[in-house]
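To start, the structure itself, in structure tokens.
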Amino acid sequence: MKQKIYINELANHVGQEITLKGWLYNKRASGKVKFLILRDGYGYLQCVVFKGNVSDEVFEAADKLTQESSFEVTGKIKEEPRAIGGFEMDVTDLQIIQISQEYPITPKEHGIEFLIDHRHLWLRSKRQVAILKIRHRVVQAIREFFDKRGFTLFDPPIITPNACEGTSTLFALDYFDLGKAYLTQSGQLYGEAGALALGKIYTFGPTFRAEKSKTRRHLTEFWMVEPEMAFFDLDDDMDLAEELIEYIVQTVLAERKVELEILERDTTLLEQVKRPFPRISYDEAVKLLIEKGVDFKWGDDIGGADETTISGHYGKPVMVHRYPAEIKAFYMKRDPNNPKLALAVDVLAPEGYGEIIGGSQREDDLDELLKRIKEHNLPEEFFNWYLDLRRYGSVPHSGFGMGLERTVSWISGLEHLREAIPFPRMIYRNTP
RNA sequence: UCCGCGAUAGCUCAAUGGUAGAGCAUGCGGCUGUUAACCGCAGGGUUGUAGGUUCGAGUCCUACUCGCGGAGCCA
């Protein structure tokens, strides 16, 4: 394959004449000199076209280029502190690939509705490119983290016959002669089967919620990583969650500095994301909320505003554990010291980003689990295979789910989750 | 499902109930160092839809549609 050069490699090509391909990000002209800002997905480069230095054809071609036109440009690279990226090309040749039609996203401000309508083009903007690169690094960090610790990637089905937790509203579809099937809202139950086969596993894929959630913290389709570990209790689970978050944040800080700068992210709080994180029980969280003047009763679920109050108090991710069992899922193990409590943990991100992890130790006793399934009026026949995990060599085990977009959103300092995924799916939008 | 806000040029927004405007984008012209370049000219409108009040409605009223934000639910 012929070697291609990208803008992020220009430091190796100073003084050389090279050819780059890309799109016109912006253009400025001053009579006989034109400044073309080329973007190629790897960076931005100011290409200078002087009338005296190029043929009339090349000068005219530079004149014709409209925003987002694709072209190939040749010239000598020099260091130039005045230009974006610190390099500049003195153009000698230019080939138009396609002249773009009038580009909808102009270099001025746009409303969110317009930008979302043009998401396929909005992705080209500097800000969106930075976010997508951070997202990729987060995904990479997650995989590295689990792979290095001997976890096996375990892919659960997307189509499931039943509601996993029996609470959320799911997307239904017709499944041939078998009737209704649903898009998964969590791979966890299957992950448990994987943990009992492989020891430590993680699932990583899309999940779906048909809840009519209309907030900046919700998508109907989002990505979640869900580790599940045999012989892990709740404390082990929290240790792992803590290490994972620290690893992701510190990796992105170290390796996506440029992107965080583009997003104008204040990283002072991110730099403090180091173990140990505060661990408080639900009881302590209730006390804290009441001290802060929040009208809160024991047994209430901790809402979005309460999460912000709690995490704001510490300035670090906070682990809240041992919730009232009534407000948590059926599969969570009860606290042996207080059966009203579930051995659950939520990790709350700082700066108002809320719950990024929800996890628990799982109920490993067959009779207890059967009782819960009946209490929740869940269809027992669908859970037979899941109960088998308690019939054949049941062991204490734990796991958690971490929302990818919420994590990316927090690290990137985004206003809205919809910027953290290429094509967001929301209650009133499934296009483009 | 509930509560709040909004819809005017391709985009972002203005316009005491009295002739619908600006910036950007587009087109043409000018400028040899621009940084969301600048300067001049031009084209561009069924003011979300349907009713109502009024001499007169972008503006006031009613309904609807769509969108945004929040609650609940959760990652």
Side-chain angles (χ1 to χ4, degrees), chain A residues 25-37 44 46-54 59 63-64 66-68 80-85 88 90 100-118 121-122 125-126 164-165 167-170 184-188 203-226 241 300-307 327-329 344 346-349 353-359 400-410 415-418 420-421 426-429:
Chain A
Y25 190 73
N26 200 0
K27 178 170 75 170
R28 291 178 287 271
S30 172
K32 290 174 178 129
V33 59
K34 296 192 186 300
F35 300 93
L36 311 175
I37 310 299
Y44 301 84
Q46 176 159 286
C47 304
V48 189
V49 187
F50 278 105
K51 192 165 174 79
N53 296 4
V54 296
F59 194 77
D63 198 42
K64 272 190 211 145
T66 53
Q67 190 188 353
E68 285 303 313
E80 174 54 75
R82 282 178 294 180
I84 183 173
E88 189 175 85
D90 195 8
S100 171
Q101 295 180 21
E102 191 174 331
Y103 193 65
I105 304 178
T106 62
K108 276 275 180 178
E109 287 167 21
H110 297 279
I112 192 63
E113 187 186 350
F114 179 80
L115 289 170
I116 281 277
D117 280 341
H118 295 84
L121 302 176
W122 187 25
S125 76
K126 199 179 285 185
C164 161
E165 304 181 9
T167 49
S168 293
T169 317
L170 304 190
T184 184
Q185 60 150 330
S186 164
Q188 183 209 312
T203 72
F204 200 170
T207 47
F208 307 87
R209 305 275 165 96
E211 299 287 348
K212 293 198 169 179
S213 302
K214 244 179 93 60
T215 84
R216 67 180 77 192
R217 298 189 312 282
H218 290 89
L219 297 170
T220 55
E221 176 183 322
F222 64 96
W223 283 63
M224 188 154 69
V225 57
E226 296 179 282
D300 289 349
D301 205 354
I302 296 176
D306 308 325
E307 289 175 356
I327 56 172
K328 287 293 181 183
D346 283 355
V347 181
L348 310 179
Y353 284 93
E355 186 183 343
I356 54 170
I357 282 182
F400 61 82
M402 185 178 81
L404 177 63
E405 288 77 14
R406 284 194 182 173
T407 305
V408 171
S409 191
W410 163 47
E415 284 288 308
H416 200 298
L417 221 48
R418 66 190 149 203
I421 186 167
M426 291 168 295
I427 164 169
Y428 292 126
R429 173 178 296 277

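A, B, ... follow the sequence lines: proteins, then strands. Residue 1 opens every chain. If you're wondering where the values come from, they're calculated on a predicted model, not measured in any experiment.
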G-U wobble or Watson-Crick pairing nucleotide for [N] (cut-off 3.5 Å, both distances):
N	answer
C41(B)	G27(B)
A22(B)	U12(B)
C73(B)	none
U34(B)	none
C60(B)	G52(B)

With heavy atoms under 4.0 Å as the rule, sort [X] into base, sugar-phosphate or nothing.
X	result
M224(A)	sugar-phosphate
E221(A)	nothing
A83(A)	nothing
F114(A)	sugar-phosphate
Q67(A)	nothing
I84(A)	nothing
H118(A)	nothing

Nearest heavy atoms of E221(A) and I421(A), plus distance in Å: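 Smallest heavy-atom distance, with atoms named: O-CD1, 4.0 Å.
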Within-4.5 Å side-chain heavy-atom neighbours: F222(A) and R406(A):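 Counting from C-beta outward, F222(A) and R406(A) never come under 4.5 Å.
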Sub-4.5 Å side-chain heavy-atom contact between I37(A) and Q46(A):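 The answer is yes, as the side chains (C-beta and beyond) meet within the 4.5 Å cut-off.
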side-chain hydrogen bond (donor to acceptor under 3.5 Å, both in side chains) evaluation trace for Q67(A) with T106(A): CA-CA 8 Å; Q67(A) 190 188 353; T106(A) 62; over 6 Å; no
Interatomic spacing from CH2 in W122(A) to CD1 in I112(A) - rounded to 0.5 Å: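 W122(A) atom CH2 to I112(A) atom CD1 measures 4.0 Å (nearest 0.5 Å).
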Side chain of [X]: nearest nucleotide among [options]?
X	options	value
R406(A)	C68(B), C74(B), G27(B)	C74(B)
T106(A)	U32(B), A25(B), A75(B)	A25(B)
K32(A)	U32(B), U26(B), G67(B)	U32(B)
F222(A)	A75(B), G67(B), G33(B)	A75(B)
R217(A)	A71(B), G33(B), U34(B)	A71(B)
T215(A)	U12(B), C68(B), G70(B)	G70(B)
R216(A)	U34(B), G70(B), A75(B)	G70(B)
L219(A)	C74(B), A75(B), G72(B)	A75(B)
E113(A)	A25(B), G27(B), G67(B)	G67(B)

Main-chain N/O of T207(A) paired to Q185(A) side chain as donor or acceptor, under 3.5 Å: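 Pair absent, no side-chain N/O of Q185(A) close to backbone of T207(A).
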When you measure only distances, ignoring hydrogens and angles, does the side chain of [X] come within 3.5 Å of the base of [N] through a donor and an acceptor?
X	N	result
E415(A)	G69(B)	no
H218(A)	C74(B)	yes
S213(A)	C73(B)	yes

C1' atoms of C39(B) and G23(B), separation to the nearest Å: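 Roughly 15 Å separates the two C1' atoms.
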Below 4.0 Å: OP1/OP2 of G69(B) and any side-chain N or O of R418(A):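 So the side chain of R418(A) is within the cut-off, an N or O lying under 4.0 Å from OP1 or OP2 of G69(B).
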Spacing between [X] atom [atom1] and [N] atom [atom2], to the nearest angstrom:
X	N	atom1	atom2	value
I116(A)	G67(B)	CD1	C1'	12 Å
K51(A)	G30(B)	NZ	C1'	14 Å
I112(A)	G69(B)	CD1	P	7 Å
F50(A)	C31(B)	CZ	P	16 Å

SB check D346(A) K328(A) (cutoff 4.0 Å):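 A salt bridge links D346(A) with K328(A).
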